[in-house]
Amino acid sequence: MKFLQSTVILASLTAMTAPALAQNDVITARREGLKGVARQMEGIKAVVDQRGDPRGSAAAIADMIGFFEGFAARFPTGSGSGDTRALPSIWTDRAGFETANANMVTQLRAFQAVADAGDQAAFPAAFQQTGATCGACHRPYRGPAR
Ligand code: HEC
């Protein structure tokens with residue numbers, strides 16, 4: 001009986017920790033992905049500053065589009081606690097979060113069109129606008145660094 005009881009306790013403990021671990025993996029993976037996006041934006045900024053050929057940034061922009069197309073799915077219910085800056089508003093205002101996400105994809109596609117066209121004159125403003133679109137999601141949905 002005692003053995004049975006501890007087995008039951010052990011089983012329920014495992015059931016509790018497994019999802020918590022899975023959420024930590026989700027958080028780590030999305031943060032790593034975002035750091036990659038920041039690196040890509042820094043690389044593109046260097047091209048803007050040096051007035052380089054916008055076409056050279058098309059691949060990085062395509063990568064970011066792929067990342068943000070799957071971005072909302074990286075915020076499953078329960079992944080708002082732990083080592084994360086994700087604010088509860090992501091889940092209480094899911095529609096707003098998904099709109100901010102969709103705006104990002106739209107903006108990146110516009111940015112990509114400018115890069116593909118090699119439009120050097122339009123490139124800096126398109127870069128600025130892209131950065132502003134990152135901020136438009138961070139303000140309501142990302143908490144301060146900790
Ligand atoms: C739809 C919302 C949204 C958009 C768009 C968005 N972000 Fe974020 N970003 C977040 C959230 C939420 C977090 C916090 C994630 C966490 O801590 O779990 C975050 C975190 C980050 C971090 C911190 C990563 C870390 O943990 O060190 C960086 C860097 C970042 N974003 C860069 C960007 C850049 C650059 C863009 C635009 C190209 C962008 N983000 C667009 C929502 C967004």
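Note that the coordinates shown come from a computational prediction; the quantities given were computed from them, not determined experimentally. In each ligand, atom 1 is the first atom listed, and ligand 1 is the first ligand listed.
- Nearest protein heavy-atom contact of atom 36 (C) of ligand 1 is Cys134 SG, 2.8 Å.
- Between Glu69 and Val105, the shortest heavy-atom contact is N-CG2, 4.0 Å.
- Here the side chain of Arg85 pairs a donor or acceptor atom with the backbone of Gly143 at under 3.5 angstrom.
- The nearest N, O or S atom of His138 is closer to atom 8 (Fe) of ligand 1 than 2.8 Å.
- Remark: ligand 1 atoms within the under-4.0 Å shell around heavy atoms of Asn101 are 1 (C).
- Looking only at protein heavy atoms, the nearest one to atom 29 (C) of ligand 1 is Ala38 CB, 3.7 Å.
- Considering backbone and side-chain atoms together, Asp83 places no N or O closer than 3.5 Å to any N or O of ligand 1.
- Of the heavy atoms in Arg85, both backbone and side-chain atoms come closer than 4.0 Å to ligand 1.
- Some N or O of Arg30 is nearer than 3.5 Å to an N or O of ligand 1, by distance alone.
- Summarising the geometry, atom OG1 belonging to Thr133 is positioned 11.0 Å from atom CD belonging to Gln128; distances are rounded to the nearest 0.5 Å.
- Regarding atom 27 (O) of ligand 1, its nearest protein heavy-atom neighbour is Lys35 CE, 3.2 Å.
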Please determine whether ring-ring contact (aromatic ring centres under 6.0 Å, His included) holds for the pair Phe127 and Phe123, giving the CA-CA distance in whole Å, both sets of side-chain angles, and the decisive distance to 0.1 Å. CA-CA 6 Å; Phe127 175 77; Phe123 200 55; 7.5 Å; no
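- Closest protein heavy atom to atom 41 (C) of ligand 1: Phe68 CZ, 3.4 Å.
- Counting the atoms of ligand 1 from 1 in the order shown, those under 4.0 Å from a heavy atom of Tyr141 are 12 (C).
- Arg142 NH1, 3.4 Å is the protein heavy atom nearest to atom 22 (C) of ligand 1.
- For the pairing with Phe75, the side chain to side chain contact (heavy atoms under 4.5 Å, CB included) check across Asn101, Ile90, Val26 returns one residue only, Ile90.
- Residues Arg109 and Ile61 have side chains not in contact (no heavy-atom distance under 4.5 Å, counting atoms from C-beta outward).
- Side-chain contact between Gln23 and Pro76: present, with at least one pair of heavy atoms (C-beta onward) separated by less than 4.5 Å.
- Using a 4.5 Å heavy-atom threshold, the side chains of Met104 and Cys137 count as separate.
- Rounded to the nearest 0.5 Å, atoms CG (Leu87) and CZ (Arg139) are 13.0 Å apart.
- Nearest to atom 4 (C) of ligand 1 among the protein's heavy atoms is Cys137 CB, 3.4 Å.
- Where the criterion is an N or O separation shorter than 3.5 Å, residue side chain and backbone included, Arg31 meets it with respect to ligand 1.
- Each of the atoms 12 (C) of ligand 1 lies under 4.0 Å from some heavy atom of Phe75.
- Contacts between Ile90 and ligand 1, counted as non-hydrogen atom pairs separated by less than 4.0 Å, involve the side chain only.
- With hydrogens and angles disregarded, a donor-acceptor distance shorter than 3.5 Å links the side chain of Gln120 to the backbone of Arg51.
- Each of the following atoms of ligand 1 lies closer than 4.0 Å to a heavy atom of Val37: 34 (C), 35 (C), 38 (C).
- Between Lys35 and Glu32, at least one side-chain nitrogen of the basic residue sits less than 4.0 Å from a carboxylate oxygen of the acidic one, meeting the salt-bridge criterion.
- Of the protein's non-hydrogen atoms, the one nearest atom 16 (C) of ligand 1 is Thr84 OG1, 3.1 Å.
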